[in-house]
Amino acid sequence: MPLALLALAIGAFGIGTTEFVIMGLLPEVADDFGVSVPTAGHLVTGYALGVMLGAPLMTVLGTKISRKRMLMLLMGLFIAGNLLSALAPVFGLMLLGRVIASLAHGAFFGIGSVVAAGLVAPHKKAGAIALMFTGLTVANVVGVPLGTLVGQSAGWRITFGLVAALGVIGLAGIAGLVPDLPAPEGVRLRHELAAFKNVQVLLAMAMTVLGFGGVFAAITYIAPMMTQVAGFADGSVTWLLVLFGLGMVGGNLVGGRYADRALMPLLYVSLGALAVVLALFTLTAHHKVLAAVTIILIGGLGFATVPPLQKRVLDQARGAPTLASAVNIGAFNLGNALSAWLGGLVITAGLGYTAPNWVGAVLAASALVLAFVAAALDRRDKVLSVVDGDQVSTERQAAVPH
């Protein structure tokens, strides 16, 4: 694997830290600004929506410059957004800072996925994408827990200041390690948009929204769920996030390894198991040990879907993958926003802090259904291709004089 993938992983580490660290700091932020926990959850929803909108916008704006320069500009935007969050005097400005930082997220991972896949042989593409996303998963083992610990002890503003510093390190890594590749030639917006006419691309993105949304339905409210339901102390949220991060690292590596071999079977297993585990979380959340084990499984099963879903979009959008790749990153975050919003609704309705787990189970099960639909369409297309091929062959034989 090329060393440039390390630079992409460094950038992913910073972005992953700012995306997930807010989960463990929602109560502190809510208290500081005098808002409710569900209202503070809008920091998750706003970030996710910013990713969804920023992914296509920033990708289109970057089609005329080199991918390295675009990645550097995106990291600069990420740094500015986190500094604003750290210094925000009111909740609205912090939300704005989160949105500014999020605009870099989707395009960074979308362009980074294309760069990563282009640096290796075709049979190693999913592995290269997974290696880049390792930065995102390791952030949940190191960056997020440390950020949560710092935020709970020294203040959440210090955490976001440190996240901005991570962005500076990521920017330096990209500048020093990613090759200065020229802007892709012949890229036209209409060619990139044509990929969205492919039903399989849209199905893959829908699976992304629903499948990963299932994860965030539970994890967005992990702090109040674990302290109010499972009975953990506030300080325990830090190591619970470490467990979630360890599950993410393992799931991402497994997904990267097997997506190149058996992509659809991997999706069946991971999405089906994720739906079951999320449903069980409504019960295991009342027991400390079982809750901890369940959190690991949610992280592992959720991130086992990331490399195969990203690779499937790249495969189905071959010839014009950059915008589709970025939009699929936005789809991950659309799922985050949808599930965080739905989770807040069921909590506000008085159904308790475990109710979002049912929301997540339904979303993951819906993604599994779409996976079966996509596979059925694949089989149909193969049959039609064979039939058309036989028909052409027969017509050619008939045209030959006897």
Side-chain angles (χ1 to χ4, degrees), residues 19 45 47-60 102-103 105-114 116-117 125-126 129-130 132-133 136 189-217 252 255-256 259 263-264 266-268 270-271 274-275 301-342 360 362-378 381:
E19 179 181 16
T45 304
Y47 186 95
L49 291 175
V51 175
M52 181 186 67
L53 297 175
L57 174 63
M58 302 306 294
T59 302
V60 169
S102 71
L103 293 176
H105 185 128
F108 181 88
F109 281 104
I111 295 172
S113 293
V114 175
K125 286 186 177 182
I129 294 171
M132 182 190 71
F133 275 91
L136 178 65
L189 181 58
R190 66 177 181 274
H191 295 154
E192 296 284 342
L193 290 174
F196 297 95
K197 296 180 181 180
N198 186 335
V199 174
Q200 290 287 16
V201 171
L202 299 179
L203 280 173
M205 291 181 177
M207 283 186 272
T208 298
V209 171
L210 297 173
F212 210 66
V215 174
F216 261 69
N252 180 61
L263 192 149
M264 293 307 294
L266 176 61
L267 285 178
Y268 300 152
S270 57
L271 290 172
L274 179 62
L301 293 170
F303 254 75
T305 67
V306 174
L309 285 172
Q310 193 69 3
K311 182 177 184 295
R312 184 163 179 83
V313 169
L314 290 175
D315 289 344
Q316 297 297 328
R318 64 176 64 90
T322 306
L323 183 59
S325 175
V327 171
N328 195 52
I329 298 298
F332 280 107
N333 287 270
L334 175 59
N336 299 352
L338 174 65
S339 60
W341 175 66
L342 291 174
V362 172
L363 292 175
S366 300
L368 178 61
V369 171
L370 293 184
F372 285 122
V373 171
L377 291 177
D378 274 341
D381 291 342

What one should report as the nearest heavy-atom pair of Gly302 and Val215 is CA-CG2, 3.5 Å
Heavy atoms of Gly213 and Ser339 approach each other most closely as O-CB, 2.9 Å
For Ala374 against Met264, the heavy-atom pair lying closest together: CB-CE, 4.5 Å
I'd like to check the ring-ring contact (aromatic ring centres under 6.0 Å, His included) partners of Phe108; sequence neighbours left out, ordered by chain and number. none
Filter on side chain to side chain donor-acceptor pair (under 3.5 Å), then keep only pairs touching residues 49-58, sequence neighbours left out; what's left? none
Distance, nearest 0.5 Å, that separates CE of Met58 from CD1 of Ile111: 8.5 Å
Side chain to side chain donor-acceptor pair (under 3.5 Å) against Thr208, all qualifying residues, sequence neighbours excluded: Asn328
For Tyr47, enumerate each residue passing the ring-ring contact (aromatic ring centres under 6.0 Å, His included) test, keeping only those at least two apart in sequence or located in another chain. His105
Closest approach of Pro308 to Gly255 (non-hydrogen atoms, all atoms of both residues): CD-O, 4.1 Å
Tell me, please, which residues at least two apart from Phe372 pass side chain to side chain contact (heavy atoms under 4.5 Å, CB included). Tyr268, Leu368
For Leu370, what residues pass the side chain to side chain contact (heavy atoms under 4.5 Å, CB included) criterion, not counting sequence neighbours? Leu203, Ala206, Met207, Leu210
Sequence neighbours left out, what passes side chain to side chain contact (heavy atoms under 4.5 Å, CB included) with Ala304? Give chain and number order. Ser270
Decide yes or no for Met205 and Leu334: does some side-chain heavy atom of the first lie under 4.5 Å from some side-chain heavy atom of the second? no
So Leu271 and Thr305, do their side chains get closer than 4.5 Å, heavy atoms only? yes
Sequence neighbours left out, what pairs pass side chain to side chain donor-acceptor pair (under 3.5 Å) with at least one residue falling in residues 364-373? none
Using the side chain to side chain contact (heavy atoms under 4.5 Å, CB included) criterion, which residues pair with Ala275? Sequence neighbours excluded. Ala364, Ala365
Reported CZ-to-CG distance for the pair Phe212 and Leu274, which is rounded to 0.5 angstrom: 9.5 Å
